[in-house]
**Student:** 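Next up is a structure, given as structure tokens.
All chains are named by letter (A, B, ...) in the order of the sequence lines, taking the proteins before the strands, and each is independently numbered beginning at 1. No experiment lies behind these values; they were computed from the predicted model shown.
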4 protein chains.
Amino acid sequence: MFIEIEPQSTVPIYEQLTRQIIEGIARGDMQAGETLPSVRSLAADLGVNMHTVNKSYHELEAKGIIFIRAKSGAVIRSADERVLTLEQLQQIEKNLKPVVAEGMVLGATEKQIEDMMKKVFADLQLRVEGV
Amino acid sequence: MFIEIEPQSTVPIYEQLTRQIIEGIARGDMQAGETLPSVRSLAADLGVNMHTVNKSYHELEAKGIIFIRAKSGAVIRSADERVLTLEQLQQIEKNLKPVVAEGMVLGATEKQIEDMMKKVFADLQLRVEGV
Amino acid sequence: MFIEIEPQSTVPIYEQLTRQIIEGIARGDMQAGETLPSVRSLAADLGVNMHTVNKSYHELEAKGIIFIRAKSGAVIRSADERVLTLEQLQQIEKNLKPVVAEGMVLGATEKQIEDMMKKVFADLQLRVEGV
Amino acid sequence: MFIEIEPQSTVPIYEQLTRQIIEGIARGDMQAGETLPSVRSLAADLGVNMHTVNKSYHELEAKGIIFIRAKSGAVIRSADERVLTLEQLQQIEKNLKPVVAEGMVLGATEKQIEDMMKKVFADLQLRVEGV
DNA sequence: GTGGTCTAGACCACC
DNA sequence: GTGGTCTAGACCACA
């Protein structure tokens, strides 16, 4: 999995990490049941502090994407274990709204935004479909 | 325009403001050429600090959505004035990506996400179509 | 509010803090709508690190007992805002179970345990009822 | 006796084990005078480390619930042998307090908590009464 | 070896 | 002034 941190970004490092791990899972780089690198080793790899990675892992756990087995690592939950709750769907919609609205106000058409979404989808599913 | 601030949100107030103004424009509550409320009056209405509103307006200007005429108000730019640059399109895609990825990893299907996007679109365009 | 930390306890400091704040609220020392001390001032008062207090506050937020307004403090949620979910009830039951079981195995009768619970209840409600 | 370990719990495995053995005894699955499974066999059954089971057994001994006869097994003490000390009663009360306080703060009524306790009691005594 | 906890101290964004 | 983030470094309990 290739993770690239932009230290000067306004997006916190732990949040960048969280997003990239999620994208990695969506892309199929990592499979359910696999263990994420230990907080210390990933921190060393990325050149960031252990606590920063730890915070990201806990955010992923709160989102229901991994679970952390104390003292033995962070494991990606399987799709079966992940029940898509109504709350989560609403959260996604809430996240989607400002992005779509900004696109529209900037002059993008519905079609342009839909195409963009399909492109994002295709990019992420490349490997999954390929398997 | 109805603006509602959630003080307990982790999203900064100025950012919530920015998003809601964008949604208001997308929804057609405000038209191109119209002037946004003055910084002071909007701040008073919402019970937030003047600087917070000011910061939001400047963010909108940076996004190319309004322009601020010193001492005479913030005016919504018309769609004609807004050129959808490639840079902006890429920005939208960049914003869209983590939302879609998270949805997928949580178990949403492509269809569910597309439907959600259409719903967001429909919500925003209600008034525009009605006019 | 009197908070006393036992540094040598096996219970983490942030957890001791969380419990004592909960007890303080239950006891009526602090009312809904009130702001908890700032993380830094409470940390200084107790002689612990800022991050430890911060972790406790976030635990309280996760439990739905307070909400943290970024950069302006942690506020106790009112009972109205707190909807007792089924999940929370089950959590309480799950917490209750080992305590009751241990009491029974050690030879306590049902009555003894019930009396103990009533005593705990009475202790906590003293001030609330007194008001 | 059915013992189920939740690996992803924040509660240490040895502690989960201790609680479930206590519940098993409270429930009447195991009687005073009986010998617990050997450390090795229970560890193998549960797929956990031998040291983990060992730690749990020693915790049970410290609580006065079993006694460990070197090389011949862990025996459940009879109720007669178990003297409920004032210290133990206070310990139970100390354990009960945070659970009750949290319930109250979350909006549970005294009755709800009492009912929950009765339910826990009933669950545990099912088999005892049945015998 | 792993995550959990804790400390000390720093800079920043927001209000 | 507040919480948010980040770093560096330490000790501990668990497995």
**Student:** Hey, does A:H51 reach any base, or is it just sugar-phosphate, or nothing, if we go heavy atoms under 4.0 Å?
**Tutor:**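 Contact class for A:H51: base.
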**Student:** Of C:T52 and A:H58, whose nearest nucleotide on DNA chain E comes first from the 5' end?
**Tutor:**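 The 5'-side residue here is A:H58.
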**Student:** From C-beta outward on A:M50, which listed nucleotide comes closest to its side chain: F:dT5, E:dT5, E:dC15?
**Tutor:**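 Output: E:dT5.
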**Student:** Which base, if any, makes a Watson-Crick or G-U wobble pair with E:dC6, both distances under 3.5 Å?
**Tutor:**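 E:dC6 is paired, partner F:dG9.
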**Student:** Taking the nucleotide of DNA chain F with the closest heavy atom to each, which residue, C:A70 or D:K55, is nearer the 5' end?
**Tutor:**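 Nearest-nucleotide comparison on DNA chain F picks C:A70.
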**Student:** Is it the case that E:dG4 (base atoms only) and A:R40 (side chain only) share a donor and an acceptor within less than 3.5 Å, ignoring hydrogens and angles?
**Tutor:**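 Flag set: donor-acceptor pair detected.
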**Student:** What nucleotide, of F:dT2, F:dA8, F:dA15, holds the atom closest to the side chain of C:S38?
**Tutor:**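 Taking heavy atoms from C-beta onward, the closest nucleotide is F:dT2.
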**Student:** Among E:dG4, F:dG4, F:dC14, which is the nearest nucleotide to the side chain of D:Y14?
**Tutor:**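 Shortest atom-to-atom distance from the side chain points to F:dC14.
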**Student:** Salt-bridge test for B:E15 and B:R19: reply yes if a basic N is under 4.0 Å from a carboxylate O, no otherwise.
**Tutor:**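 Yes, B:E15 and B:R19 are salt-bridged.
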**Student:** Give the nucleotide from the list E:dG3, E:dA8, E:dA13 with an atom nearest to the side chain of C:K71.
**Tutor:**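 For C:K71, the side-chain atoms sit closest to E:dA13.
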**Student:** In terms of side-chain geometry, is the basic nitrogen of B:K94 or A:E23 positioned less than 4.0 Å from the acidic oxygen of its partner?
**Tutor:**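 Judged by the 4.0 Å cut-off on N to carboxylate O distance, B:K94 and A:E23 do not form a salt bridge.
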**Student:** Whole angstrom is fine here: how far is it from CD in C:Q8 over to P in F:dC12?
**Tutor:**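 These atoms are roughly 15 Å apart.
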**Student:** Please compare C:R69 and D:P12 by the position of their nearest nucleotide in DNA chain F and report the one closer to 5'.
**Tutor:**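 Closer to the 5' end of DNA chain F: C:R69.
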**Student:** For A:N49 and E:dA8, give me the distance from atom CG to atom C1', rounded to whole Å.
**Tutor:**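 Atom CG in A:N49 sits about 13 Å away from atom C1' in E:dA8.
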**Student:** Is there a side-chain contact (heavy atoms from CB on, under 4.5 Å) between B:Q8 and C:V75 once you walk through the steps?
**Tutor:** CA-CA 9 Å; B:Q8 82 270 29; C:V75 181; over 6 Å; no
**Student:** CG of C:L42 versus P of F:dG3: gap in Å, rounded?
**Tutor:**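 To the nearest whole Å, that distance equals 10 Å.
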**Student:** Which part of the nucleic acid, if any, lies within reach of B:V48 when heavy atoms closer than 4.0 Å are counted: base, sugar-phosphate only, or nothing?
**Tutor:**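 No contact at all - B:V48 keeps every heavy atom at 4.0 Å or more from the nucleic acid.
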**Student:** Round to the nearest Å and state the distance from B:I13 atom CD1 to F:dG4 atom P.
**Tutor:**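 In whole Å, F:dG4 P and B:I13 CD1 are 13 Å from each other.
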**Student:** With a 4.0 Å cutoff (strictly under), does any side-chain N or O of A:N54 reach OP1 or OP2 of E:dG4?
**Tutor:**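 Checking E:dG4 against A:N54, a side-chain N or O does come within under 4.0 Å of OP1 or OP2.
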**Student:** Using whole Å, report how far CD of C:E15 lies from C1' of E:dC6.
**Tutor:**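 In whole Å, E:dC6 C1' and C:E15 CD are 15 Å from each other.
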**Student:** Quick one: do B:R77 and B:E34 make a salt bridge, cutoff under 4.0 Å?
**Tutor:**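 Judged by the 4.0 Å cut-off on N to carboxylate O distance, B:R77 and B:E34 do not form a salt bridge.
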**Student:** Quickly work out the B:I5 CD1 to E:dC15 C1' distance and round it to whole Å.
**Tutor:**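 From B:I5 CD1 to E:dC15 C1': 13 Å.
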**Student:** With a 4.5 Å cut-off on side-chain heavy atoms, are B:E102 and A:I92 touching?
**Tutor:**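 Heavy-atom side-chain distance check fails, nothing below 4.5 Å.
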**Student:** In whole angstroms, how far is the C1' atom of F:dA15 from the CG atom of D:L17?
**Tutor:**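 Those two atoms, CG and C1', are 13 Å apart.
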**Student:** With side-chain contact (heavy atoms from CB on, under 4.5 Å) as the criterion, how do A:I3 and A:L17 come out once you've worked through the C-alpha distance, each side chain's angles and the decisive distance to 0.1 Å?
**Tutor:** CA-CA 7 Å; A:I3 290 180; A:L17 235 181; 3.9 Å; yes
**Student:** Check every atom of F:dC14, F:dG3, E:dC14 against the side chain of C:I68 and return the nucleotide holding the closest atom.
**Tutor:**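 Of the options given, the side chain of C:I68 lies nearest F:dG3.
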**Student:** CG of A:L46 versus P of F:dC6: gap in Å, rounded?
**Tutor:**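 Rounded to the whole Å, the gap is 13 Å.
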